[in-house]
Enquirer: 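Below is a structure I'd like to ask you about.
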Amino acid sequence: MINPLDILHWLHEEDQKRLEELWQWADTVRRENVGDEVHLRGLIEISNHCIRQCGYCGLRFGNQELERYRMSEEEIMACVGEAERYGYGTVVLQSGEDYGIETKWFANLIRHIKGETQLAVTLSLGERPDEDLETWRKAGADRYLLRFETSDETLYHLIHPPLPGRKSNRLAILKALKKRGYETGSGVMIGIPGQTYASLARDIDLFHKLDLDMIGVGPYLPHPQTPLGQGEWKQVISKDEQVPNTEQMTYKVIALTRMVCPEANIPSTTALATINREQGRELGLMRGANVVMPNLTPPKYRAMYEIYPSKACMKENPRDFHHSLQHRIRSLGRRIGKGRGDRIHQVRSKPPHPATDRNLLDLFEKNENNKLRGSKIFR
Ligand code: SAM
């Protein structure tokens, strides 16, 4: 049982013996709830065009140095074929928020994939209007990923400016996705400048409240062609309160996420593999994760999908990566998942997470962190 204040304490924990207990606890909860299978989702980065001006992301509209691409149906179908050959159960189609990806064209693409394969189709195309989400669901899309990035509203609006005349409310979109029958995924970046421990604890608590089917978390990695990467847009908080964007903090968040959402599919992400190329993916899998997303984007486009520099997958060849991944998963005593790897719903007599008490965190902030209240914002 873990409440928001416990989450906060674990985020501050630095004692390696205690952390070892956390890893083992998360690994046990993972095994008991989603088993030893590691589900593989083939990631296809179909376009790097983006209308947004997110302060953290290299795909932002304002990044003039990025060469842009949009894949054709034939190119995407070739990658889908590759996913099938490797036995993956899902393809994830991801892009910037690109309205050059037309609603009808994309619905036909989804129908094409669903007509020719048994694959589950996951979408990650940003904050598209509800009509698009409905059309694509009807065309057969199974899942949608949309990270809420941070539950700190002030920080969110600072780093994620809205489009003119349109509010950005990712939590409302997540609810709408659920209503439409999508399996719904979200997540956050860890160590965003201005992100406090208390707000990260709230993020993890929110994963539970939203009853997410998939949760992706990874370290924030600065991109030099972005306002955050250049240290420009700032929510000023005290040094003690700033969450570090470290490997260890990422494992803590993965482990705690597993505790509050025992049945969720949780990937060991590329961003984690980027900060520890040797072992990041494996350690993520040993500390709560049960999904890996091998990158199937054609090499000529991969370098252009630069959300942050030096992405781990940049030089990975799909075939070599697949073979080494199989070996690495087996050496952890795990096995590759069969089928689509949908979310498992366990039958429970009572919820695994106690009624969470936001007041606990508020009290903590009031007593221990007066500095927070003096925070300022610069953009
Ligand atoms: N456009 C879609 C969206 O915004 O959901 C999907 C693509 S977007 C590039 C996917 C995710 O990349 C974002 O949700 C964000 O968490 C992550 N990301 C972007 N820039 C990042 C950075 N500098 N460091 C770490 N993760 C980043």
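Counting starts at 1 for both ligands and their atoms, in listed order.
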Enquirer: Quick one, Tyr220 with Gln195, criterion side-chain hydrogen bond (donor to acceptor under 3.5 Å, both in side chains). Give me CA distance, side-chain angles, the key distance, then yes/no.
Expert: CA-CA 10 Å; Tyr220 158 73; Gln195 184 182 43; over 6 Å; no
Enquirer: Counting only heavy atoms from other residues, nucleotides and ligands, does the tally under 6.0 Å from CE of Met71 exceed 12?
Expert: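 Correct, the count exceeds 12.
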Enquirer: Is there a protein heavy atom at a distance of less than 4.0 Å from atom 11 (C) of ligand 1?
Expert: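 No; the ligand atom in question lacks any protein heavy-atom contact below 4.0 Å.
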Enquirer: Report the part of Tyr56 in contact with ligand 1, treating N, CA, C, O as backbone and CB onward as side chain, heavy atoms under 4.0 Å; options are side chain, backbone, both, neither.
Expert: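 Answer for Tyr56: both.
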Enquirer: So if I apply the side chain to side chain contact (heavy atoms under 4.5 Å, CB included) rule between Leu133 and each of Lys138, Glu127, Arg128, which one comes out positive?
Expert: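 Passing option: Arg128.
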Enquirer: May I ask you to identify, for His223, whether its side chain, its backbone, both or neither come under 4.0 Å of ligand 1 on a heavy-atom basis?
Expert: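 Within the 4.0 Å criterion, His223 makes no contact with ligand 1.
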Enquirer: Checking side chain to side chain contact (heavy atoms under 4.5 Å, CB included) between Ile190 and each of Asp203, Leu272, Asn245, Val217, which is the one that passes?
Expert: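 So the option named by the test is Val217.
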Enquirer: Strictly by modelled atom types, are Thr150 and Asp152 linked by a side-chain donor-acceptor pair under 3.5 Å?
Expert: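 The answer is no; no qualifying pair exists.
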Enquirer: Taking distance alone, with N or O pairs closer than 3.5 Å, would you say Gly96 contacts ligand 1?
Expert: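 No, no N or O pair falls under 3.5 Å.
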Enquirer: What is the nearest protein non-hydrogen atom to atom 17 (C) of ligand 1, stated with its residue, atom name and distance?
Expert: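 Here the nearest protein heavy atom works out to Arg147 NH1, 4.0 Å.
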Enquirer: Counting only heavy atoms closer than 4.0 Å, does ligand 1 sit against the backbone of Arg52, its side chain, both, or neither?
Expert: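 For Arg52, there is no contact with ligand 1 at all, from either part.
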Enquirer: What is the minimum heavy-atom distance between His223 and Pro309, and which atoms define it?
Expert: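 That closest heavy-atom pairing would be CA-CD, 3.9 Å.
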Enquirer: Write out the residue and atom name of the closest protein heavy atom to atom 27 (C) of ligand 1, then the distance separating them to 0.1 Å.
Expert: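 The answer is Met189 SD, 3.5 Å.
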Enquirer: In the protein, which heavy atom is nearest to atom 25 (C) of ligand 1, and how far is it?
Expert: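 Heavy-atom neighbour on the protein nearest atom 25 (C) of ligand 1: Pro219 O, 3.3 Å.
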Enquirer: For ligand 1, find out whether one of its N or O atoms is nearer than 3.5 Å to an N or O atom of Glu149.
Expert: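 So ligand 1 has an N or O lying under 3.5 Å from an N or O of Glu149.
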Enquirer: Got an N/O contact under 3.5 Å between Gln94 and ligand 1?
Expert: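 No - when backbone and side-chain N and O of Gln94 are compared with those of ligand 1, no distance drops under 3.5 Å.
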Enquirer: Give me the one residue out of Met249, Gln242, Arg202 that meets side chain to side chain contact (heavy atoms under 4.5 Å, CB included) with Tyr197.
Expert: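 The passing option is Met249.
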Enquirer: Please state which protein non-hydrogen atom is closest to atom 24 (N) of ligand 1 and give its distance, to 0.1 Å?
Expert: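 The closest one turns out to be Leu221 N, 2.9 Å.
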Enquirer: Students should be able to answer this: which protein heavy-atom is nearest to atom 3 (C) of ligand 1, and at what distance?
Expert: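 Protein heavy atom with the smallest distance to atom 3 (C) of ligand 1: Arg170 NH2, 3.7 Å.
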Enquirer: So is Gly216 in contact with ligand 1, going by heavy-atom distances below 4.0 Å?
Expert: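 No, that is not the case, since the closest heavy atom of the residue is not under 4.0 Å from the ligand.
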Enquirer: Do ligand 1 and Ser124 have nitrogen or oxygen atoms that lie under 3.5 Å from each other?
Expert: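 No, there is no polar N/O contact under 3.5 Å.
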Enquirer: Using a 4.0 Å heavy-atom cut-off, say whether Ser95 meets ligand 1 through its side chain, its backbone, both or neither.
Expert: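 Near ligand 1, Ser95 shows its backbone, while the atoms from C-beta on stay back.
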Enquirer: Have a look at Ile307, Thr150, Leu123 and point out the one with the heavy atom closest to atom 9 (C) of ligand 1.
Expert: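 Going through Ile307, Thr150, Leu123 one by one, Ile307 has the nearest heavy atom to atom 9 (C) of ligand 1.
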